[in-house]
Each structure stands twice: as C-alpha cells, then as structure tokens.
Amino acid sequence: MDGPPVPATPPDAPPVQDLATTLLVVASDAAQLGLWEWDLLTDRLTWDARSRAMYGQDRMPLSGFVRDINRTIHPDDQQAVAEALQRAIERKGTLETEFRVVHPDGTERVLYARGQALIDAEGRVVRMVGTNSDATELRQAQHQAAQDSARMARLVDVARALGDAEDEQDVLGVVNDAATAVFGASSAALVLQTGQPGAQALRTLTAAYDEGFSAAVAHLPADTPLPAVHTATTGTTWFVTERAEAPQAFAAGLGVWEASGTDAVGCVPLVSDAGVFGSLSIGFPHPQRWREADRQLLTTFGALTSQALRRIWARSAELTALHAARRSAAQQTALVALAQSLELAQTEEEVLAVVSGGGVSLLGARGAVLCLVAPVPADSATGARLRALATSFSEGTARTEVAELGADVPLPMVDTATTGRAHFLADRAAAEALFPGREDAVRALHEASGTHASAAVPLTDGGAVVGSLAVALEDEHAWTADERALLAAFTALTATALSRIHAQEAERAASAAVRRFSETLQRSLLTRPPQPDHLQIAVRYLPAAAEAQVGGDWYDAFMARDGATSIVVGDVTGHDREAAAAMGQMRNLLRGIAHVSGAEPAEVLSSLDAAVHDLEVGAMATVLLAKVVQTPPMAERGERLLRWSNAGHPPPLLLGPDGRARYLERDPELLIGLAPEAARRSHEVPLEAGATLLVFSDGLVERRGATLTTGLEWLARTVEELADLGAEDLCDELLRRVGERVEDDVAVVALRAHPTDRPRPAEAGPERVPLDD
C-alpha cells in the first residue's frame with residue numbers, strides 16, 4: 001500500500017551539491033555512480049537518490065546518520081565494511097570495499113564503494129566522500145566465465161572416471177555425478193537401443209528416480225514421444241529450454257516429464273561404428289537457457305560417454321572387438337589431453353600444433369588444416385576469403401604455412417568452411433563428386449598434396465560457422481562412426497580454443513588502439529622546455545613497459561610574464577583516454593593561469609582547482625608547481641629562490657652543490673579536483689648555484705612489492721651517485737637504470753642552476769642551439 005513520500009535526506013542534511021566531490025556529478029550520471037558524504041564530526045550521512053536505490057532504501061525513512069547503511073547491507077558483510085571504513089579513517093586514505101545488500105523484496109545485489117578521507121588543517125579526518133556502483137552484473141559475468149572454465153576442468157576428471165569404468169553401472173554412476181557436478185542437472189539417463197522390435201526396442205539406465213518410475217521407463221518402444229528416445233533412434237540433438245516450449249511432436253509424452261519433475265532437457269546421441277546406438281539425456285526441474293558453451297560441453301560429454309560404453313562392450317567381444325576397445329580408450333585419452341593442451345594454446349598456430357600432434361594422428365592422418373573465414377570489409381568488392389593454416393615438416397622442424405584461398409576453391413574444407421556441411425570422403429572420387437564440372441581441378445589439388453581420403457568438420461563460434469578442421473590420409477579410408485564422433489569432439493574443442501584466442505586478440509587490439517590514441521594525445525602536449533638565462537632544463541617522458549592503458553602523467557616548463565621560470569609535473573588519476581584528455585585540459589589551464597597571473601605557486605594551484613571545478617573537468621590529479629624567482633637585486637647578488645606548492649604529488653628532490661640530495665617535504669595537501677575550497681601554501685628555499693632540482697611522477701619510484709619510501713630512498717642515493725652529470729645526462733641515466741622495471745608512465749624534469757657570475761654554459765640559456773625535431 002502506497003504511503004506518504006519518503007524524504008530523500010533528513011531536512012537538516014546538507015545537499016549533495018555541497019559535497020567535495022561535486023565535480024564528479026556529471027561523470028557519475030554517465031557511469032551510473034551514486035555519491036555520498038559522511039561527516040565524521042556529526043556522524044551525518046548524505047547520499048543521493050541513486051545510492052539509496054542501490055541500497056534498496058529509496059522508499060525507507062532515513063535517520064540521516066551513517067548507521068542507515070546497515071539496514072540493508074548483508075549481515076555477513078557489515079563487519080568487513082565497518083573495518084574498511086575504519087582503515088580509511090586511520091590511514092587518512094582511500095576506501096575501497098565490495099559487499100552485498102539485500103533489498104526489501106529479498107533481491108541481493110553486489111555494490112562497490114570507493115571513498116576518500118578528507119582532513120582539516122590540523123590533520124584530522126573530518127569527512128569522507130565517495131561513490132557507490134552496482135557491480136552485480138559484472139560479478140555475475142565473471143562468475144559465469146569461472147563456472148565455464150571450472151566445468152571444462154571437471155570434464156577432464158569425468159573423462160578419467162569414464163576411462164576407469166568397468167561396466168554400464170559404473171558409467172551410469174559417472175554420468176549421474178557429472179550431470180549434477182558439471183551441468184547442475186537433477187537427473188541423467190542413458191537410453192540404449194536393444195536391437196529388438198516393439199516395446200523392447202530401447203532400454204533406459206537411470207538412477208535419479210525412485211524404483212517405480214525407473215521401472216516404468218526401463219523399456220520403451222521406438223516411437224515413444226520423448227526427446228531422449230527420438231535422439232536415441234535418429235541421432236537428432238535436442239536442447240529444450242522448458243516443458244511449455246517443447247516441440248508438438250513430444251506433447252503426448254509431457255506427462256512423463258511432469259511425473260519425473262523435469263522441465264528442461266538436453267539430449268545428445270551416443271554413436272558407434274555402426275551408427276547411433278542410444279542417447280545421453282540430462283534433465284532440470286526448472287527452465288534452462290542453453291548457451292553455446294553448454295551445448296558444446298554436453299556434446300563432448302556425450303562423445304566421452306559413447307567412448308566409455310563402447311570400450312566396456314568391446315571387452316566381451318572377440319579379438320577384433322578387443323582391439324577396437326583399446327583404440328577407443330586411446331582416443332578417449334587423446335581427447336582429454338587435447339582439451340588440456342588447447343586450454344594452454346595462445347595462438348592459432350599453437351592450436352594447430354596441438355591438433356596435428358596429439359589429435360588427428362590417432363586417425364592415421366598426416367596432419368590437420370585449419371581453414372578459417374577471414375572478415376570481409378564492408379566496402380570490399382571481392383567475396384569471402386579464407387586462410388588455410390597447415391603444419392609442414394622439413395629437416396626435423398615443424399612450421400606453420402599459411403595460404404589465402406577464395407571461397408570458390410574446389411576443396412572439401414573450403415566448402416565446409418563456407419556452408420557448414422561436414423564431409424567424410426573415402427577417396428578422391430568422393431571429393432570429385434562434390435564439385436560437378438570441376439573434377440579435373442579437384443583431382444589436381446588432391447594429387448599435388450598426396451591426399452586420397454579426407455574429412456572436414458565445421459568450426460562454429462556462437463552458432464556461426466567460422467571455418468573448418470580438415471584432415472587428409474595418404475590412402476583410401478572408410479570413415480567409421482567412431483572416427484566421425486572423435487573428429488567432431490576434436491573440432492568442438494578446437495572451436496572453443498579458437499574462440500577464446502580470437503576474443504583475447506580482439507581485446508588486446510582494442511586496448512592497443514586506445515593506448516595509441518591516448519599516447520598520441522599525451523605526447524602532443526609534452527612540449528620542449530625553455531632555456532632561461534643560466535638555467536638548464538631537461539625533460540623526459542617514458543611510457544610504461546607493459547602494454548597497459550596510458551595514464552595522465554605530464555610535465556611542463558615555461559616562463560611567466562615577469563620572467564620567472566615555472567616547472568610542472570602532474571598525474572591525473574585513471575588510465576584511459578579520458579584521463580589523457582583531462583590531463584590536457586589541466587595542463588593548459590595551469591599554464592594559462594600561471595602565465596597571465598604571475599601568481600605564486602599556491603595561488604596558481606588554487607585557481608586551477610577552482611577552474612577544474614567550475615569547468616567540470618571531471619578528474620583529480622596530483623600536481624607539483626615550482627617557480628624559480630630572481631629579482632634584479634637578487635640577480636646582482638647571484639641569488640635565486642625556489643618557490644613551490646604541492647597538491648598530493650611526490651616531493652621534489654634538491655641536489656645541492658655539495659652533492660647531497662634532500663627531499664623538499666612539507667605537510668601533504670589535497671589533490672586538485674578534490675576540494676576546491678581547501679587552502680594551499682607556497683614554500684621556498686634558496687636555489688644555490690650548482691644545485692639541481694628534480695621533479696618527477698610516481699612511476700619513477702613505485703615498484704610492485706616495494707614501498708614508496710624504498711623507491712624514494714633509492715632515487716636520492718642514485719642522484720647523489722650521479723651528481724657530476726649534467727641535467728640531460730642525469731635524466732638519461734635515471735631512465736636507463738629503471739629500464740624495463742617501469743610499471744607506470746614516468747615524467748621527469750631536471751633543472752640545473754648555473755652561477756650567474758660566470759659565462760653562460762652552452763647547454764643553458766637562450767643561445768642554446770635548438771635540437772632537431
């Protein structure tokens with residue numbers, strides 16, 4: 001029953017627009033983020049409508065205090081959230097925590113909260129601001145991917161168990177266990193042909209139902225209207241999502257489904273050399289959405305079950321049947337090994353090597369060919385093109401040869417790749433019959449490759465045919481149903497591996513494209529430094545060694561109207577094209593403010609903070625701005641002052657003329673974009689002749705597994721070792737020493753102050769010879 005409207009926040013609570021993170025409102029709308037603020041002095045919590053909806057409290061009255069959140073946070077997660085908040089307060093740092101909430105209707109969601117502790121002038125944490133996001137769908141997708149990987153791993157164990165089965169009941173036990181553990185089904189059945197007519201045509205093996213029901217279906221006629229029976233007699237595969245959507249042909253048998261508590265089924269054929277001999281059926285008590293991964297997994301499971309049953313039956317046959325059973329066991333082992341090896345393959349060539357080496361050799365084939373359909377550009381005037389990857393052996397070395405083929409080339413593998421039709425050809429005559437009128441061309445191709453018998457099976461991805469797997473034999477060969485099933489299983493596993501590899505390649509290509517875009521934007525803003533009189537400025541920028549998204553690091557050096565020299569190093573939070581774009585905006589804003597105003601560093605950073613807020617740049621950054629000041633009287637005395645202000649950036653390093661290095665550390669101040677009203681301070685020290693100032697981004701000193709303090713100590717010691725080098729050589733040597741250990745982008749500015757009572761060095765000042773572009 002509807003009640004009076006629930007107030008969004010208590011009447012005396014401050015509006016969301018007063019939050020220190022107001023600048024993130026526009027970005028939060030696009031990213032579906034909720035905003036919140038916690039006043040630690042009053043314990044008041046202010047959160048926006050999106051946050052309340054995420055917590056399921058949009059229709060609940062609010063007390064206005066932080067305890068409101070515990071009303072819907074899952075009881076098992078409340079302590080962890082409280083501890084995460086406490087750590088952020090104690091460390092005056094960042095909050096990151098993921099937890100579950102339970103909505104009033106019982107719906108459970110996964111939320112991700114991120115926040116920042118804010119301190120006052122006395123260093124006390126007085127507020128926390130942050131965002132909420134709904135991570136439910138992301139976690140569900142990750143969970144599904146993990147489940148698919150785990151199911152494939154379990155299938156390897158199932159194959160081993162089937163290999164150890166001694167009789168039909170052992171197989172049934174493995175099938176029942178796998179139906180539950182791998183597929184999450186409630187029942188499993190093996191429907192097998194008996195070779196007898198009438199009511200005894202089929203026998204059913206099942207252990208999932210009570211004795212009465214199992215006895216009722218123990219023997220069935222061949223026309224029983226059930227999917228498992230139809231599969232067992234025709235080889236047709238069925239994946240029925242729910243009983244209400246079952247094909248009309250099975251309407252008369254739906255009572256059996258209902259009696260067994262089955263609502264959805266999957267049925268795959270069991271095959272032998274003689275053809276279809278039965279079916280494997282698994283049932284669910286609820287609707288089942290059959291994904292392509294589910295279908296391929298069940299198809300492979302059916303192939304493994306077929307192998308196990310044939311192996312068992314072969315044991316009671318004569319010597320020839322025993323030989324077939326041994327071969328079947330070897331093929332089953334190869335299928336398991338193939339699945340394991342394909343999980344490790346990282347390229348198409350490695351997939352081909354696995355299939356050629358451990359798979360098709362059991363069929364007596366010389367090797368395998370992957371015939372893959374190449375994407376056709378939308379504006380292309382030519383038809384589909386294919387790439388044929390084949391393994392060749394020469395001088396004991398295996399290599400992959402790639403050839404491009406047109407869709408009209410008269411080869412069975414090309415026809416399979418373009419039409420999805422499988423071919424099992426006993427000799428060249430069978431291949432020639434596929435292409436009427438082009439028999440000569442077919443014969444020539446087969447003679448050139450030394451092929452007589454061949455087979456080609458379609459590769460599918462998401463239900464679409466993306467190519468074919470083909471094998472060739474030097475002699476004529478009649479393909480048995482057993483071999484066809486094995487090759488089909490090989491192909492299903494191969495298709496899964498190729499799908500995974502292509503998805504990874506597409507992801508890497510997209511990541512590389514984003515990085516190139518962002519890196520181009522970033523480098524276009526990293527201009528060459530000026531060279532004021534008797535000052536040498538060297539700059540360097542080094543992207544991360546890893547193929548990661550580019551960040552928002554930048555450096556700058558320029559001269560203001562009053563002739564003072566300014567240097568800047570900053571780092572926008574985030575690693576993507578938005579971070580690079582925000583970096584460009586901040587860099588240009590700072591340069592313009594400093595140049596026009598001629599203000600002190602603290603005033604410039606305060607103006608930048610206000611501009612970032614007012615212009616809704618939508619990002620935060622650490623920035624260090626330093627300014628070299630020399631008034632006319634100071635110039636007469638040969639003196640200079642270094643003034644700087646630091647917005648959350650690593651402190652600058654000053655190398656004195658005596659070769660000793662020290663960090664210019666002061667109390668930390670907030671990042672740009674976090675709290676524009678926060679006060680900022682400028683600091684100053686004399687800049688002695690012969691001194692070198694080093695300003696850098698954290699990528700120079702941060703290393704995985706080491707603390708920031710360790711990195712800063714390393715840099716100070718290293719700079720002291722290199723004290724005799726000029727600014728340019730110092731930067732080069734620092735970057736050489738970090739080398740491939742760089743895990744984040746590195747920006748470095750070195751400023752060397754030369755004595756003004758001596759001739760100006762060639763490397764410093766306006767007369768410096770410009771570098772080539």
Side-chain angles (χ1 to χ4, degrees), residues 292 296 299-300 334-335 337-376 383-394 397-425 431 434 445-446 448-451 453-473 479 483-484 486-506:
E292 182 66 22
Q296 290 188 357
T299 299
T300 302
L335 186 61
L338 182 71
Q340 293 173 323
S341 299
L342 286 175
E343 281 290 310
L344 302 176
Q346 297 299 314
T347 64
E348 294 175 345
E349 290 76 10
E350 290 180 5
V351 169
L352 177 63
V354 170
V355 175
S356 296
V360 299
S361 59
L362 287 175
L363 300 171
R366 293 179 293 120
V369 179
L370 291 176
C371 186
L372 305 178
V373 179
V376 180
R385 302 291 298 176
L386 300 100
R387 292 181 299 119
L389 286 72
T391 301
S392 63
F393 300 87
S394 59
T397 301
R399 68 177 186 275
T400 300
E401 296 181 348
V402 182
E404 286 197 5
L405 302 173
D408 59 345
V409 174
L411 284 173
M413 67 178 181
V414 173
D415 182 77
T416 298
T418 54
T419 69
R421 293 189 295 259
H423 299 296
F424 294 90
L425 308 172
L434 288 177
L445 289 171
H446 279 65
S449 62
T451 298
S454 62
V457 181
L459 295 164
T460 60
D461 184 3
V465 177
V466 297
S468 64
L469 171 64
V471 297
L473 282 72
W479 295 96
E483 292 168 334
R484 296 181 186 217
L486 180 64
L487 190 54
F490 285 165
T491 305
L493 293 172
T494 302
T496 299
L498 289 173
S499 178
R500 169 181 55 80
I501 290 168
H502 292 162
Q504 291 172 345
E505 290 174 347

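Sequential numbering from 1 along the given sequence is applied to the chain's residues.
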Could you give me the CA-CA distance, side-chain angles and deciding distance for L469 and L370, then say whether side-chain contact (heavy atoms from CB on, under 4.5 Å) is met? CA-CA 5 Å; L469 171 64; L370 291 176; 3.8 Å; yes

Let's go through L386 and V409 carefully: what are the C-alpha distance in whole Å and the side-chain angles of both, what is the deciding distance for side-chain contact (heavy atoms from CB on, under 4.5 Å) to 0.1 Å, and is it a yes or a no? CA-CA 10 Å; L386 300 100; V409 174; over 6 Å; no

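Residues satisfying the side-chain contact (heavy atoms from CB on, under 4.5 Å) criterion with T460, sequence neighbours excluded, are E292, Q296, V465. Not counting sequence neighbours, the partners of A422 by the side-chain contact (heavy atoms from CB on, under 4.5 Å) test are F424, P458.
The shortest non-hydrogen separation linking S454 to H446 is OG-NE2, 4.4 Å. Residues V351 and A497 approach most closely at CG2-CB, 4.1 Å, considering heavy atoms. Nearest heavy-atom pair across V373 and A417 is CG2-O, 3.6 Å. Q346 and E350 get closest at one heavy-atom pair: N-OE1, 2.7 Å. Closest approach of D461 and S499 over heavy atoms only: OD1-OG, 3.1 Å. Nearest approach of A456 to T416, heavy atoms of both residues: CB-OG1, 3.4 Å.
A distance of 5.0 Å separates CG of L411 from CG of L445, quoted to the nearest 0.5 Å. If you take CD on E483 and CZ on F490, they are separated by 10.5 Å, rounding to the nearest 0.5 Å.
Counting heavy atoms from C-beta outward, V471 and L487 have side chains that approach closer than 4.5 Å.
When atom types are taken as modelled, the side chain of S468 and the backbone of M413 share a donor-acceptor pair closer than 3.5 angstrom.
Under the side chain to side chain contact (heavy atoms under 4.5 Å, CB included) rule, L498 has a single partner from L493, L459, V466, which is L459.
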